[in-house]
Amino acid sequence: MIQILTSKKRYLPHQKIIHLANLTNSYSPRLYSNNLETPRLKTFKHPSSYASILQSLRDLKPLQQLHSRIIVSGLANNIFLCNRLVNSYACCGALGVAECIFRRIPSKNVVSWTIMVSGFTRNGLYNEGVEVFREMIMNGFLPNEVTATSVLPVFAKLGLVQFGRLIHSFLIRLGFEINVFVGTSLVDMYMKCGLVSVAEQVFDAMPEKNVFSWNAMISGYSDNGLGEEGIVQFKRMQRNGIVADLVTMMSLTASCSRIEWRQLGRMIRSFIIRSGFDNCLLVKTALLEMYVKLKCIEDAYRVFNEEMPVKDVVTWTLMLSGFSDAGFGNKAMDIFDQMIKIDEISLDSVALLGMISSCSKSGAMQQGRRVHAFTIKVGFGDDIFVGSAIIDMYSNCGNLDSAKLYFEGLKERDVVCWNSMIAGLGMNGYSDDAVGLFFLMKRSGIEPNESTYISILCACTHAGMVNPGLLIFNQLIKERNIEPKLQHYSCIVDLLGRAGRLDEAYSIVNNMPLKPDAGVYGALLGACSIHRNIELGLKISQKLFELNPDDAGYYVLLSNMYAVSGDWEGVKKTRVSLRSKGLKKDPGISSIEIDGTIFTFMAGDKNHIQYPEICNFLMNLIAKIECEGYVPDLNSVFQDLTDDAERDVLYHHSEKLAIAFGLLRTKPGTTIRVMKNLRICNDCHNASKFISTSFERKLIIKDGNRFHIFQNGICSCKDYW
DNA sequence: ATAGGGTTAG
């Protein structure tokens, strides 16, 4: 309590009483009311006495009491007090009351309008804030410096760049742009709108700059992906003798995580220690985030575990998503379980979202179901952000029924919920339904966004629905409010390419208005590989090697293409150039969830505890399906080995290990769900068909972004090689 | 006035 009191700057004697009363209210109502009945407080006749008390009030109840006392004192029409009251109610979040008082002020001044604008904007009601601002202008009031600083950030939030520029020109005419506050707000607004060079112009023209202004620049650069510029600006700031504060530290670590510059990260860390910010929770959390983003998960965990005695919900959430990003789903779940046991940590939707998306990524359906139940228990059952994540989680686990059920039960749905459901239907093979839902969404008055088009085009691709896909793509091009992006072109090239219409796909690549990137060429190369068009494939891989020389995936595709056409010389050449560049093919990883724990397998991963047991089982399994007609496809092996060795590699692919483990550890008849990071190989695909018959199991294998559902020897995926 | 964790798509 002492700390809270001393942290406030100025205290008049009567303010102290009110403040103490607030703090003791919860456990000592008698003291509270006694203090309020102090005769000294009752006899105020001058507005200024109330005004100073109003400024320090942050809770609704004492505010209401003071308000009544103001009415009793006959000061309810004093504009000075009314403005203060509006402000105090807005600070307590009671915007209805605030607006009511505001509306009744007969002769509002600029301060009244400004307080109402910032009352809305500080509570996240941006549209209402802008509306009051507009009303103010219409009523002939000109904004002052404070109005400008309350309303400018809102233009950035709502993306009203043009409006912002208009107000900017107003401010110049009024001579306010030389004000540090106004200048900083303008810099921030332009940075948030992505107009970096305009922000730079404003900043350079500012006659006075303080640490806020510099911070706005540094964090702005970082947000716009220009971390290096941020570091340069920081050095300039130091040369100008401006002392860095905690916001500077946080913006610096953010810049660092974006440019993936580990060496600099270390320097910033020592700078933080030297500047005495090492014990600051916010700065420490920013440092943790830096390690998470730099994918230094051990460093991140060391900071989290050893150097942060005080943690809040953000710290925990960061560690959770750090583990999730690094592919440690079980560890993320451990963190979540620990976090929910701590009373002081109040769980919010962001923490829940992190955990749900972690389950989604690792395909942990049992964990996901548990977290889903938990979200309902803690009152986030109707949250649409959480809802979208849950739909995605169930879809990603191949449990479309649960996803649909959840989607249909939502009271409110935004565009992201619809997108999740459309994507879920698409990747699970219900492309017709996805298209149907897309049109239903438009009929329901929800405007599709960029992601909607990506989801729906992918859905069409999975089912080879070329014509509906083309139709929707043409709609997108005609639509005025969405600019087709490179990703959309990748989708349409993928759609045409996979369907075998390579010429049309190539023609789109050659005629598109944007410069094709690796994603677009990659889609085309994938199509060439499926349809064995080696001539075009060679041409495209040349482009890709120029664009993205370090991606081993393209070499693999090219090599596969040579292999299927029997060009062993080409296969060898590709492998040599891959090796000479020091590149390695991404390891294939498959995982399976058993009783709420995720088990991960890598090809030939002999370190696994149960490896001998699994291998033994797998050998018997292969012998069994060979009797039923399975023939190993040695073309699926990327290495140059003897037949026997190739066979050995093939039999220990990660997906086969995961399937074997699933068969060993689950009851007969249970569906086996396997997640794979890369595309399933032809041989594993074929073997899975045999396994589904031989063991009478349903196998659901997700590779990359699509499902393969094997049942009675048939796979749901029709266009597979 | 500037600042920390999250959802769909690839």
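All chains are named by letter (A, B, ...) in the order of the sequence lines, taking the proteins before the strands, and each is independently numbered beginning at 1. Side chains included, hydrogens not; waters and symmetry mates left out as well; all remaining heavy atoms used.
The aromatic ring centroids of A:Phe133 and A:Trp113 lie 6.0 Å or more from each other.
When heavy atoms are screened at a 4.0 angstrom cut-off, A:Val313 is found touching base atoms of the nucleic acid. Residue-level contact check: A:Lys192 touches the backbone only, with heavy atoms under 4.0 Å from sugar-phosphate atoms and none from bases. At a threshold of 4.0 angstrom between heavy atoms, the contacts of A:Thr285 include nucleobase atoms, whether or not backbone atoms are also involved. Heavy atoms of A:Ala286 sit nowhere under 4.0 angstrom from any nucleic acid atom. Across all strands shown, A:Cys417 has no heavy atoms under 4.0 Å from either base or sugar-phosphate atoms.
In this structure, the nucleotide among B:dT7, B:dT8, B:dA3 sitting nearest to the side chain of A:Ser420 is B:dT8. Looking at the side chain of A:Val247, the nearest of the listed nucleotides B:dA9, B:dA3, B:dG4 is B:dA3. Checking B:dA9, B:dT2, B:dG5 against the side-chain heavy atoms of A:Lys293 singles out B:dG5 as nearest. Distances were taken from every side-chain heavy atom of A:Asn419 (C-beta onward) to each of B:dA9, B:dT8, B:dA1; the shortest belongs to B:dT8. Distances from the side chain of A:Leu353 to the nucleotides B:dA3, B:dG5, B:dT7 place B:dT7 closest. When distances are taken from the side chain of A:Ser321 to each of B:dG5, B:dT8, B:dT2, the shortest belongs to B:dG5. For A:Val180, the listed nucleotide lying nearest its side chain is B:dA1; candidates were B:dA1, B:dG4, B:dG5. For A:Val350, counting side-chain heavy atoms from C-beta on, the closest listed nucleotide (B:dG6, B:dG4, B:dT7) is B:dG6. Minimum atom distance to the side chain of A:Ser219 is reached by B:dT2, of the listed B:dG6, B:dG4, B:dT2. Side-chain proximity of A:Leu282 to the nucleotides B:dG5, B:dA9, B:dA3 is greatest for B:dA3.
A salt bridge links A:Arg269 with A:Glu307: the distance from a Lys NZ or Arg NE/NH1/NH2 to an Asp or Glu carboxylate oxygen falls below 4.0 Å. The pair A:Asp325-A:Lys361 meets the salt-bridge criterion, with a side-chain N (NZ, NE, NH1 or NH2) lying under 4.0 Å from an Asp/Glu carboxylate O. Salt bridge status for A:Asp337 with A:Lys341: absent, with no side-chain N to carboxylate O gap under 4.0 Å.
Between A:Ile272 and A:Met250, the closest side-chain pair of non-hydrogen atoms is not below 4.5 Å. Looking only at side-chain heavy atoms (C-beta outward), A:Val154 and A:Phe120 stay at 4.5 Å or farther from each other.
Here the C1' atom of nucleotide B:dA1 and the CZ atom of A:Arg122 are 12 Å apart, to the nearest Å. B:dT8 atom P lies 10 Å from atom CD1 of A:Ile356, rounded to whole Å. We find that OH of A:Tyr453 is positioned 14 Å from C1' of B:dA9, with the value rounded to whole Å. Look at CD1 on A:Ile335: it is 17 Å from C1' on B:dG6, rounded to the nearest Å. The CE-P distance, from A:Met206 to B:dT2, rounds to 13 Å in whole Å. Note: CE (A:Met189) to C1' (B:dT2) measures 15 Å, nearest angstrom. Rounded to whole Å, atom C1' of B:dT7 lies 10 Å from atom CD1 of A:Ile391. For A:Tyr406 and B:dT7, the OH to P distance is 16 Å, given to the nearest whole Å.
Checked by distance alone, A:Asp312 brings no side-chain donor or acceptor within 3.5 Å of a matching partner on the base of B:dG5. With hydrogens and angles left out, the side chain of A:Asn210 and the base of B:dA1 share a donor-acceptor pair within 3.5 Å. For a distance-only test at 3.5 Å, the side chain of A:Asp348 qualifies as a donor-acceptor partner of the base of B:dG5.
An aromatic stacking contact between A:Phe212 and the base of B:dT2 is absent, as defined here by ring centres under 5.5 Å apart and ring planes under 30° from parallel. Using a 5.5 Å limit on the distance between ring centres and a 30° limit on the angle between planes, the aromatic ring of A:Phe385 counts as stacked on the six-membered base ring of B:dG6.
For A:Asn210 (side chain) and A:Ser213 (main-chain N/O), a donor-acceptor pair under 3.5 Å exists by modelled atom type.
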